[in-house]
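Numbering of ligands and ligand atoms starts at 1, following listing order.
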Amino acid sequence: MSTHDTIDADRRRLVGAAGAAGIVALLRPGTGLATEAHAAMPPAEATAGFKPDIELELNAVADEIRVLPGNATRLWRFTGRVLRGNPQALSFLDGSGHIPVIRVRRGQKLRIHFTNRLPEDSIVHWHGLHIVQRMDGHPMYAIGSGKQYVYEFVVNNRAGTHWFHPHPHERTGLQVYFGLAGLFLVGDDEEDAARLPRGEFDLPLVIQDRSFNDANQLVYLAPGMMARMMGFQGDRVLVNGSAEYVRPVARAAHRMRILNASNSTLYSLRWSDGRPLTLIATDGGLLERPLTRGSLTLGIGERADVWVDFSERQPGDEIALAAESWSPSLENVTGLQTGAAPVSGGRPIARFRVAAGAARKSVLPQRLSAFPALRLEDAVNRGRPRTVQLSMQRGQAMLNGRAFGRMDEVADDEKVKLGTTEVWEFANDASFGMRMAHPMHVHNLQFRVIERSGPGHALSAGFTDEGLKDVVLVLPGQRVKMLMKFEDYTGIYLYHCHILEHEDLGMMRNYLVRA
Ligand SMILES: [Cu+2]
């Protein structure tokens with residue numbers, strides 16, 4: 001019996017439990033980890049002195065959405081509305097319509113009234129943003145059911161494709177799986193100057209895998225530690241919440257903002273007609289110049305913006321984005337490390353049908369952006385990187401042999417100094433325990449990848465190591481060195497594996513930026 005059959009059977013037995021309560025009853029992980037009240041800190045409230053340019057209401061709620069033909073699917077989702085400022089600042093993606101998109105400009109002041117209408121604790125993390133500790137959505141700020149947390153912050157980031165999702169301790173995987181994730185798109189003057197496709201020609205594509213039972217209800221992890229160690233892999237790949245994503249496109253250039261928002265699955269992406277992908281941006285925004293790639297491999301949380309021109313296509317032509325899915329365990333990612341990955345092609349996950357009409361030619365600028373240099377010579381530990389060993393054994397997923405402990409726990413070797421630049425190194429060296437790929441995420445900053453070594457590093461054409469990054473995929477046996485600068489804010493931030501089941505198992509630690 002497969003893991004899915006197991007939980008499926010549980011679900012059928014309990015299918016009378018409706019709505020959110022049903023989700024919780026069925027899907028509390030079978031590991032003995034229960035939701036505790038983690039709200040150690042008082043929730044933030046609106047402050048009188050803060051004058052927002054944009055003010056939003058954002059709620060996490062239980063709902064039902066038609067994802068597959070037949071029964072609607074019970075899920076959790078964000079709802080909300082714009083209270084002040086640009087009415088387009090909050091919208092919902094095409095597809096199933098439950099994935100929100102927040103659109104802001106660099107420098108804008110944002111106030112977001114987040115209300116938790118789930119039957120358990122939650123808090124929202126703004127993935128990719130450079131932000132004060134109290135606004136970062138650390139699990140220490142999780143609020144209980146019915147409670148509100150008011151975010152107030154200035155958008156410091158340059159233009160880029162960021163996202164947001166819950167971050168409560170031990171429940172992130174479940175809450176994201178059941179539908180809580182959205183995009184956070186930042187624009188700025190530099191991006192405007194690059195004259196990239198916008199409006200209807202700017203298409204976000206959020207990739208997530210899911211499994212459904214016969215009643216069209218979501219099936220998450222089987223009980224037990226092993227399922228969590230392996231991570232969740234669904235049998236369907238959804239784009240923008242849709243199991244059959246098809247979109248008409250004009251005969252013109254488009255920007256596609258691709259986010260891997262799956263729990264554990266890695267993807268190699270390519271165009272179905274064999275044309276190369278034109279990569280224009282990664283996690284932290286536009287590259288200096290476009291790059292051409294045969295395929296792109298995205299770890300969880302990674303973003304890749306690609307430019308694609310349909311002007312040469314004839315009305316009625318169909319081009320698909322094809323994805324090969326990889327579970328992160330060693331046996332499965334071997335193909336990525338030996339170069340076997342790019343040949344098999346994958347299956348189409350999003351289809352674009354070229355509409356009738358005149359072709360509109362456009363030119364992709366060869367100069368996209370300039371971003372602040374992070375220089376190796378500025379690093380305070382240039383020759384001795386701060387190395388973080390990734391390992392999994394005996395039911396534990398660890399960073400330097402430690403799992404997440406107290407909410408504010410920081411070890412001596414996890415303290416950095418404000419204003420300094422450091423070299424960090426994620427080392428997936430372990431030859432024991434479970435050997436897996438780990439997409440490593442650092443909160444509060446964008447780093448530069450300066451070196452990748454180990455098996456498969458030379459095949460790195462599929463990795464998106466260029467530009468500014470907040471997630472880097474580290475395959476078994478590999479080491480990745482990054483340059484990062486700790487600017488503007490002191491406080492406690494997280495670094496962790498973005499396989500959500502690993503994060504929930506404690507493959508997450510605090511680091512402290514001190515004055
Ligand atoms: Cu991991």
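- Listed by chain and number, the protein atoms of type N/O/S under 2.8 Å from the Cu ion (ligand 1) are His438 ND1, Cys497 SG, His502 ND1; waters are omitted.
- Ring-plane geometry between Phe164 and Trp126 is classed as tilted, the angle between the planes lying from 30 to 60 degrees on a 0 to 90 degree scale.
- Heavy atoms of other residues, nucleotides or ligands lying less than 6.0 angstrom from CD of Gln389 number more than 12.
- At least one donor-acceptor pair under 3.5 Å links the side chain of Thr73 to the backbone N or O of Asn216.
- Heavy atoms only, all atoms of each residue included: Leu376 and Ile450 are closest at CD1-CD1, 3.9 Å.
- Under the ring pair (Phe, Tyr, Trp, His ring centres under 6.0 Å) test applied with His127, the options His496, His167, His498 reduce to a single match, His498.
- For Lys415, the side-chain contact (heavy atoms from CB on, under 4.5 Å) test picks out Val410, Asp412, Leu512, Arg514, with sequence neighbours left out.
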